[in-house]
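Note that ligands are numbered from 1 as they come in the structure, with each ligand's atoms numbered from 1 the same way. Numbers here simply count residues along the sequence, with the first being 1.
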Amino acid sequence: MGIAEVAGLQVLSGPSFSRSDSSIKLPAKYHVKIQKNTNSLCVQSLSYSSVSRCVRSFRPVRVVCGVFERNNVRDRDLSCQCQRAESIGGVAAEDEFGTWNVDKKKVSKNPVNGEVNGAKVLGVEEARELKDEKKRHVSNGSSVESIEDEAWNLLQESMVYYCGSPIGTIAAKDPSSPNVLNYDQVFIRDFIPSGMAFLLKGEYDIVRNFILHTLQLQSWEKTMDCHSPGQGLMPASFKVRTVPLDGDEFATEEVLDPDFGEAAIGRVAPVDSGLWWIILLRAYGKASGDISVQERIDVQTGIKMILKLCLADGFDMFPTLLVTDGSCMIDRRMGIHGHPLEIQALFYSALLCAREMLATEDGSADLIRALNNRLVALSFHMREYYWVDMRKLNEIYRYKTEEYSYDAVNKFNIYPDQIPPWLVDWMPSKGGYLIGNLQPAHMDFRFFALGNMWSIVSSLTTKDQSHAILDLIEAKWSDLVADMPLKICYPALEGQEWRIITGSDPKNTPWSYHNGGAWPTLLWQLTVACIKMNRLDIAAKAVEVAEKRLLQDKWPEYYDTKRARLVGKQACLYQTWSIAGYLVAKLLLANPEAAKILTSDEDQELVNAFFCMIDNNPRRKRGRKPSKQSYIV
Ligand code: GLC
C-alpha cells in the first residue's frame, strides 16, 4: 500500500485534521525513515528531542498504521515490524493496519454462555419473549426495539478508526454542537461500556485493538512542568490525529496522541484508567475465549506495571489507594481526594482480575504476594471502616474520641458531630452503604453510586452488605433514581460547603453534573450489581425509567435537579457512554449469565482472612476460632 492510500485511511468516524490545523503539536525534531512496500508502510523513529525545555518531552510512540516503536521499554518488543508482526503469544497476528487478528482455530468456546464467536442460540420461547418485550411501547410512543436500534446505530457511528481499524469510541458526537472541548477523544473509562456492548454482541476486534493500542500508550514518556508520573499510568484519553508526514508534501500519517492529564482541566491524574483496562482485559478473555491476549508478554508487562504503580510503598497508613481530587469518573474538584470509594472498588476489582491473569513465574512471586496481602487488607478495611447502616451510625454517634492506644475503637478519631443531619433521617432501617471517603478525623458520608455498585460486582462487600446496598437503592428510589438513573452521588454539596469544597465550581452547582447530577451511563453498573445479587427487578425497573427519556432527550451525558428532571445544564448530547450504558443494561438483562465476565466471586481465603482479622479487632469480638493462616497486612 502506498502512502497516498494510507493517507486515505483517515479517521472514518472521528474528526479529521487538516494539515493547516495549528493545534497539532508535532515532535520538534525527529528523523523518520520511510519505507514503502506494497503491503505495508513503516515509519521508524530514529531519534527525538524535546519540543522545548521541560514542556512536553516528546518521545512519542510513533505509530503509523500499527507499526510501533516503543521508548524506554524493558522486556517488550521494540523492533519496528514493517512486515506482518509476529505474535508474541503465538495466537495473535497483526495485519498490515496493525489490527490484531485472532487465530479463529484457537478461540475456545465462550466460557460464560457457550457461544462460539458471539453467536448465541436462543430457544424458541426465549426468542418470542424477547420479541414481545421489544415491541413494548414506552410512554412517548417509541418502541423499545426502535430505541435499541437507534442506540446501536449511534454506537456504531461513534467508532473511532485508526489506520482503517476500529480502536475505540468517541466520548460524544453531537453534530449540532461545535464546542467539543475534549469530548472528541476516546476516553478509557468511557470506552468500558462501549467495549462491553461490543463483547456482548460478539464483536471482539474493536476491544482487542483498544486493549493493545492503549497498552502502547502506557510507556509514553509524559511530563507536566518537568515532572513525570509513574510509568504504569494509562492515559485518560487519546485522540487519533492525522498529521502531515515530514518531508512529503502530499502524505499524512495517523498518530495516537494520549492525554495523561497534562492537558486535562485541572491536570487531574486518571488513576482509574489502568484499573479499568485490567478489568476490560479479563472481560475480553472471558467473553471471546481468546486468552492469548492476556498471555502476551507485553500485556503481562503492562499488567505488572499498573500493579507496581498501585502497590508501590509510600507514606500510607491505610491499604486504600491515596489519590488526588478528580482522579476517576468525577474528574474535577469535588472533595474526593484521599481515599475515594470509587478508586478503592476499582483497585480491588483490578487486583482480583490481575491475579487471575498473571502468569505464575518465578519473577512475579513477590508481586503476587504483595497483591494477595493487599487484597486481604483492603477488603477488611473497606468492609469494616467504610460501612454505614443504622447500627453503625449509632455506634459512631456514641464514639469516644482522642483514644491514644493500639486497641482504640474509634481508630480514625471521628468526632460524632461529623454525622450530617441529613443522614440521620435518610438512612433506612433496612439497608446501608459504603461511605465516600475515610481519612483521619474525616468521614465523607455522601453516597457515591459507582463505588457502591462496583463493590458489589467485585465482592468487595460481603453478601449481606451487597444486599443492603440494593435495599438502600430501593428504599431511596426517589432520591437515587427518580426520573433518571442514577445519581452519581447523594446528596449535593450546597451553600458554603459547595463554595469551600468545589471552589465555587459553576459546573458543579448543587444537583448538577458531578454534584448530585444523574448519569444514565451508571445504569450498566447498576445492572451488573443487581444481576450479581440476583435482584434483576431493580435493574429492569431502572431501565424502564431511563427508556422513557433517553431517546427523546438525545442521550444526554447527565441530568440535573434533585429528581433528575432536566437535561444537564452543560450536558453533551449523544454521549456515547449513555448510549452504551443503556445497551449493556439491556443486553445483560436479556442474558444475565453474561455478567459473569465482569463479576468476581468471594474468595474463600479472603473470607477466612477477614474473620481472622475481625477476631483481632477490638471493636468486634465475634468469638470465631482464629484462622491458622496468618496474613501480613
Ligand atoms: C467528564 C466526566 C468524565 C468522562 C468525560 C468524558 O469529564 O466527568 O468522567 O470521562 O467527561 O465523557
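Aromatic pair Y490/F447: centroids not less than 6.0 angstrom apart. Ring centroids of W519 and W524 are separated by 6.0 Å or more, keeping the two rings apart.
Not one N or O of W519 is nearer than 3.5 Å to an N or O of ligand 1, by distance alone.
Among all protein heavy atoms, the one lying closest to atom 12 (O) of ligand 1 is D190 OD2, 2.5 Å. For atom 11 (O) of ligand 1, the nearest protein heavy atom (residue, atom name, distance) is Y183 OH, 3.3 Å. The nearest heavy-atom contact from the protein to atom 5 (C) of ligand 1 is F187 CE2, 3.9 Å. The nearest protein atom to atom 7 (O) of ligand 1, hydrogens excluded, is given as D331 OD2, 2.7 Å; this is a heavy-atom distance.
A side-chain donor-acceptor contact under 3.5 Å links Y582 and E547.
Which parts of ligand 1 touch Q575 is read off a 4.0 Å heavy-atom cut-off, strictly below it: atoms 12 (O). Close contacts of ligand 1 with M329, meaning ligand atoms under 4.0 Å from a residue heavy atom, involve 2 (C), 3 (C), 8 (O), 9 (O). Distances below 4.0 Å separate heavy atoms of E557 from the following atoms of ligand 1: 1 (C), 11 (O).
Residue contacts with ligand 1, taken as heavy atom pairs separated by less than 4.0 Å, involve Y513 solely via side-chain atoms from C-beta onward. Contact annotation for R332 and ligand 1: no heavy atom of the residue comes within less than 4.0 Å of the ligand.
In summary, K173 and E157 do not engage in a salt bridge, as defined by a charged side-chain N under 4.0 Å from a carboxylate O. Classification of K239 and D257 as a salt-bridged pair fails, no side-chain N sitting under 4.0 Å from a carboxylate O.
Under the side-chain hydrogen bond (donor to acceptor under 3.5 Å, both in side chains) rule, H339 has a single partner from Q344, H381, Q439, which is Q439.
Annotation: side chain of D190 is in contact with side chain of Q575 (closest heavy-atom distance under 4.5 Å).
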